[in-house]
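Chain naming here is simple, since letters A, B, ... match the order of the sequence lines and numbering starts at 1 in each.
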2 protein chains.
Amino acid sequence: MDLSALSFLRHIPLFAHCTDEERAELAAAAHELRVAKGTTLFRRGDPCEGMHVLVYGRVSIVVASKSGTEKVVELIQPGQSFGEAIMFLGGESYPVSAQTVEDALVLFLPASAIFAVLDRDPRFARRMLAGLSMRLHGLLRDVESYTLESASDRVVTYLLQQLGEAASGTVTLPVNKQLIASRLNLTPETFSRVLQRIVEQCDVVVSGREIHISDRVRLAELLKSA
Amino acid sequence: MDLSALSFLRHIPLFAHCTDEERAELAAAAHELRVAKGTTLFRRGDPCEGMHVLVYGRVSIVVASKSGTEKVVELIQPGQSFGEAIMFLGGESYPVSAQTVEDALVLFLPASAIFAVLDRDPRFARRMLAGLSMRLHGLLRDVESYTLESASDRVVTYLLQQLGEAASGTVTLPVNKQLIASRLNLTPETFSRVLQRIVEQCDVVVSGREIHISDRVRLAELLKSA
DNA sequence: GGATTTTCTTGATTTGCATCATTCCCGACG
DNA sequence: CGTCGGGAATGATGCAAATCAAGAAAATCC
């Protein structure tokens with residue numbers, strides 16, 4: 001158990017620059033969770049006693065309104081950590097729920113272990129601060145797109161972002177379209193229609209979760225019309 | 001200059017538990033900015049070389065879309081810090097702009113000074129992590145309300161939050177209604193109409209920026225109808 | 001391989017909020 | 001004192017996206 005956790009940690013950006021002893025210490029305290037698709041790792045209101053790191057699989061972070069509707073606020077990819085922020089607040093319970101979208105391997109790191117390393121290694125503290133800052137930055141971008149971009153702008157922005165720097169290429173949606181739609185704060189219906197419009201106007205081809213973009217610039221044109 | 005900065009820092013939560021030497025060190029490096037209402041402290045794209053702390057006055061953090069519309073993402077109150085997150089990312093430029101809404105006094109703390117203290121005091125690192133986490137939590141709540149609450153729910157939620165625990169009382173809007181509306185992601189017109197409906201249905205009285213709420217529960221009722 | 005469930009698409013209709021356009025209010029200031 | 005100007009209220013209209021309602025297409029299961 002600890003052995004594999006140890007080797008995983010080495011490949012997680014947040015822990016990549018830790019010393020071997022630090023990683024060993026963390027690995028010793030870690031719990032490996034091998035969980036099936038659809039498992040809830042924690043739900044809103046649960047006490048938070050540590051942080052999670054996703055090794056493989058996908059995890060969705062969702063908020064639920066009292067009217068029952070759920071919304072994906074974040075899709076966690078392998079290598080990403082989640083739940084740190086609540087841990088640092090101390091004594092707070094989770095404001096969101098986390099569930100696996102596929103079979104997954106998750107490491108759970110107890111708060112005590114993290115704090116122990118944190119107190120003794122300022123470089124780890126810096127990395128942690130940078131990690132939280134990046135998360136914050138991401139959420140800010142989300143707020144920005146939710147509040148002042150239109151539905152189709154959000155889809156285009158998302159595709160361009162997934163495409164990265166490349167002028168053309170194929171974007172593979174990490175999860176099914178419903179979840180992507182929720183992540184972009186639109187209904188599956190709207191997402192479908194927007195995608196269709198993009199296909200018509202920007203010679204983009206969609207087959208299943210694969211989206212082939214032949215010209216990045218052509219796609220970006222759609223944003224200008226605003 | 002340094003003398004007053006020193007005494008200010010003692011009253012800022014983030015620095016309240018620092019040692020006197022640490023605060024002295026920070027104060028020595030700090031710049032005091034006394035700025036008039038309407039001053040831009042930084043704008044999107046500017047390089048980030050440190051963090052800001054608001055001593056008095058109000059500061060609005062805004063994002064701007066390419067179509068020219070601006071949106072308030074956060075209203076900074078005295079005692080709050082802002083701009084740390086970008087500092088920790090290192091070498092990034094601001095994704096938002098900050099401007100004063102009233103005459104204000106702002107402390108600017110260069111990154112080097114913060115990092116110096118950070119590297120030597122793990123307790124300060126923890127406080128900083130907690131601070132960022134709280135910010136993150138706040139943004140998450142914003143995302144939640146933008147995406148799954150209606151306009152009137154957002155207003156009610158805001159009022160209840162400002163009211164705090166009290167069963168009744170007066171909420172004073174920190175800035176004018178246009179900015180509050182923007183902060184809640186609605187137009188001034190809609191804000192006005194929603195307020196009016198609240199006045200009619202929940203015996204709430206509005207006079208200028210003062211909002212008298214006679215019964216918290218009565219106000220909260222409006223949320224249930226969803 | 002066919003049946004059943006889930007996911008995705010497509011169409012018709014509704015609606016909440018923005019937008020546009022006035023008007024009203026109140027403090028500032030000559 | 002009047003008038004000017006930004007902030008706020010109110011009314012009429014438009015529109016983007018949600019909702020409702022079926023189908024079509026995949027994926028999953030026996």
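Remark: P of dA28(C) and NZ of Lys37(B) are 11 Å apart, rounded to the nearest angstrom. Atom-to-atom, CD of Glu102(A) to P of dA27(D) comes out at 14 Å; the value is rounded to the nearest Å. In this structure, CD of Glu210(A) is placed 17 Å from C1' of dC8(C), rounded to the nearest angstrom. Taking atom CD of residue Gln178(B) and atom P of nucleotide dA9(D), one finds them 11 Å apart after rounding to whole Å. In this entry the distance linking CZ of Arg209(B) with C1' of dC25(C) reads 16 Å, nearest Å. For Leu195(A) and dT7(C), the CG to P distance is 17 Å, given to the nearest whole Å. For the pair Leu184(B) CG and dC17(C) P, the computed distance is 13 Å after rounding to whole Å. Between Arg197(B) atom CZ and dA8(D) atom P the separation is 20 Å, expressed in whole Å.
In this structure, a donor-acceptor pair under 3.5 Å is present between the side chains of Thr190(B) and Thr187(B). Defined by atom type and a distance below 3.5 Å, a donor-acceptor pair is present between the side-chain atoms of Asp203(A) and Ser214(A). For the 3.5 Å distance criterion, the side chains of Glu84(A) and Ser81(A) qualify, holding a donor opposite an acceptor.
The backbone N or O of Arg197(A) sits nowhere less than 3.5 Å from a side-chain atom of Glu200(A) that would complete a donor-acceptor pair. Ser182(B) contributes no side-chain N or O that, together with a main-chain N or O of Gln178(B), makes up a donor-acceptor pair within less than 3.5 Å. Side-chain atoms of Asp46(A) never come within 3.5 Å of backbone atoms of Tyr94(A) as a donor-acceptor pair (strictly under, hydrogens ignored).
Taking for each of Lys177(B) and Thr190(A) the nucleotide of DNA chain D with the nearest heavy atom, the 5'-most of the two is the partner of Lys177(B). Nucleotides of DNA chain D nearest to Glu149(A) and Gly208(A) differ in position, and the one nearer the 5' end is that of Glu149(A).
Here Gln196(A) reaches the OP1 or OP2 of dT10(C): one of its side-chain N or O atoms lies under 4.0 Å away.
Distance from the side chain of Thr187(A) is smallest to dA18(D) among dT10(C), dA18(D), dG7(D).
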Listed pairs, N/O of protein and of nucleotides 20-24 of chain C, under 3.5 Å:
{"from": "dC20(C)", "atom 1": "N4", "to": "Glu189(B)", "atom 2": "OE2", "distance (Å)": "3.2"}

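The shortest distance between side-chain heavy atoms of Glu210(B) and Thr172(B) falls below 4.5 Å.
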